[in-house]
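Some notes on the structure that comes next.
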Amino acid sequence: MVRDDGMVLSDVVQSQVDLHARYGGVVPELASRDHARNIDPVVREALARAHVGLDDIGGIAVTHRPGLVGALLVGVQFAKGIAWARGLPLVGVDHLVGHLLAVFLRRPSMQDMQNVTGESTAPPPAFPFVALLASGGHTSIYLVEGPTADACRELGATRDDAAGEAFDKVAKLLGLGYPGGPVIDRLAALGDASRFPQKAPMASVRTLEFSFSGIKSRMARYVADHGVPTDETEIADLCASFQKAVTEVLANKLVQAAQSNGVSRVVLGGGVAANRELRERVKNLASARGIESFAPPLASCTDNAAMIAYAGAARLGRGERDGWDLSATSQTSLLRLTRKGRGAR
């Protein structure tokens with residue numbers, strides 16, 4: 001439950017990490033079934049925590065793209081049911097737009113935690129800004145000139161694996177389980193990146209595109225040649241070298257994109273934005289070049305309903321509505337410019 005000024009009244013998350021961990025990744029059918037089982041109690045809990053009822057709600061926002069269609073359908077149909085029964089306006093939200101606007105969420109109950117972890121409690125950025133959206137399924141840089149999908153322009157994206165996907169695959173190679181991002185981040189802080197130096201993947205800032213398949217393959221060759229490491233120091237050093245290479249290229253290209261477009265603000269979004277080394281690199285590099293940097297609280301980085309509610313409130317505030325024909329789709333509404341695969345550009 002989110003006000004149109006970004007104040008989060010409640011945000012209930014039903015994690016599926018344990019459900020999928022045994023398979024090393026998300027199983028679409030299991031995800032859909034778990035959504036169907038839990039969506040009603042989650043919504044009820046969100047209302048209870050916000051101390052509001054459905055009569056206090058001004059509209060219903062729902063993620064309808066991109067993502068696993070089966071899981072999206074559960075949310076879309078549930079949202080339609082509430083909107084129809086209560087006569088409320090319905091708005092569909094692009095999942096990626098939600099991540100790009102997550103930095104605008106205000107979570108007052110997390111104030112003390114933010115101060116402890118060093119996260120900014122400053123006002124959110126003004127438009128325009130350049131945003132890095134990095135998650136398990138997406139890695140792109142956008143010029144964001146407003147809170148609408150048509151105001152978000154891709155400047156560059158990954159040609160193959162997403163950054164979060166690379167973290168998950170490397171963690172699996174090293175026997176660290178799923179999801180990979182948090183455990184690699186934790187172990188990297190204990191390791192020595194210089195022991196196994198990794199070349200930053202597709203490091204040239206002459207292009208804002210990314211590629212993470214190569215560094216994943218280099219890690220796979222190491223494991224093939226030496227076996228899955230069992231020494232804790234070796235694992236930590238491998239995590240540190242991998243994370244350093246990935247976060248370096250993400251930070252460098254984000255700040256370069258801002259400079260090239262004459263923008264003085266950069267924003268992080270998506271699950272990988274919770275990575276401590278990435279946050280620190282972006283902060284330091286941007287500051288050195290006179291650019292402001294913004295990162296959402298950790299709870300606003302990973303998938304959450306609050307960012308969707310805020311993006312939906314922005315649409316409602318502009319008088320936009322969707323009809324009962326709102327559908328779920330695996331495709332984003334944001335125009336993709338980067339072509340997948342190798343070859344000349």
Side-chain angles (χ1 to χ4, degrees), residues 15-18 20-26 99 117-119 132-139 158 160-203 210-254 268-285 295-303:
S15 174
Q16 294 187 346
V17 169
D18 293 340
H20 300 294
R22 73 191 74 172
Y23 304 104
V26 175
H99 276 304
T117 59
E119 297 173 12
L132 170 68
L133 196 169
S135 66
H138 308 276
T139 300
T158 180
D160 41 58
D161 289 1
E165 182 182 3
F167 272 91
D168 287 341
K169 289 180 177 178
V170 167
K172 188 174 183 178
L173 286 168
L174 298 178
L176 301 177
Y178 171 89
V183 65
I184 288 180
D185 189 20
R186 176 175 57 82
L187 293 173
L190 307 174
D192 176 8
S194 65
R195 182 180 174 191
F196 302 104
Q198 289 273 5
K199 180 182 177 183
M202 203 170 176
F210 302 93
S211 174
F212 298 105
S213 62
I215 190 170
K216 178 201 66 180
S217 297
R218 288 195 294 273
M219 296 293 287
R221 285 195 295 271
Y222 179 89
V223 172
D225 292 342
H226 301 90
V228 177
T230 56
D231 178 72
E232 292 181 0
T233 301
E234 181 183 2
I235 294 174
D237 292 344
L238 285 167
C239 288
S241 64
F242 166 77
Q243 180 166 283
K244 178 178 183 290
V246 172
T247 58
E248 248 183 28
V249 72
L250 290 172
N252 289 346
K253 294 199 176 192
L254 171 62
L268 292 175
V272 180
N275 182 277
R276 289 171 291 184
E277 185 171 345
L278 175 62
R279 294 166 82 93
E280 191 67 18
R281 282 190 185 279
V282 168
K283 178 182 176 182
N284 292 339
L285 183 58
L298 299 185
S300 296
C301 294
T302 51
D303 290 348

Pairs under 3.5 angstrom only: tabulate donor-acceptor contacts from the side chains of residues 166-175 to other protein residues two or more places apart or in another chain.
from, atom 1, to, atom 2, distance (Å)
D168, OD1, G180, N, 2.7
K169, NZ, E165, OE2, 3.0

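- Take D231 and apply the side-chain contact (heavy atoms from CB on, under 4.5 Å) test, not counting sequence neighbours, and it matches T233, E234.
- Scanning both residues, T139 and A163, for their nearest heavy atoms gives OG1-N, 2.7 Å.
- Atom CG of residue L250 and atom CD of residue E277 lie 10.5 Å apart, to the nearest 0.5 angstrom.
- A distance of 9.0 Å separates CG of D161 from CZ of F212, quoted to the nearest 0.5 Å.
- Under the side-chain contact (heavy atoms from CB on, under 4.5 Å) criterion, E248 pairs with A200, K244, R281, sequence neighbours left out.
- Pairing each heavy atom of V249 with each of P201, the nearest pair is CG2-O, 3.3 Å.
- Counting only distance, with no hydrogens or angles, the side chain of H226 and the backbone of Y222 share a donor-acceptor pair below 3.5 Å.
- With sequence neighbours left out, S211 forms a side-chain contact (heavy atoms from CB on, under 4.5 Å) with D160, M202, S213.
- Taking CG of L176 as the start and CD1 of I235 as the end, the distance is 6.0 Å to the nearest 0.5 Å.
- Contact of the T302 side chain with the H99 side chain is not registered, since no non-hydrogen atoms from C-beta on lie closer than 4.5 Å.
- Looking at every heavy atom in both residues, Q198 comes nearest to A245 through CB-CB, 3.9 Å.
- Nearest heavy atoms, C301 versus A274: SG-N, 3.9 Å.
- Nearest heavy-atom pair, S135 versus G270, reported as atom, atom and distance to 0.1 Å: CB-CA, 4.4 Å.
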Check: residues 182-196 side-chain donor-acceptor pairs under 3.5 Å, at least two apart:
from, atom 1, to, atom 2, distance (Å)
D185, OD1, Q243, NE2, 3.4
D185, OD2, R276, N, 3.1
D185, OD2, R276, NE, 3.3
D192, OD1, S194, N, 3.0
D192, OD1, S194, OG, 2.6
D192, OD2, S194, OG, 3.2
R195, NH1, D237, OD2, 3.0

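- Counting heavy atoms from C-beta outward, L268 and L254 have side chains that approach closer than 4.5 Å.
- Of all heavy-atom pairs between A251 and V282, the closest is CB-CG2, 3.8 Å.
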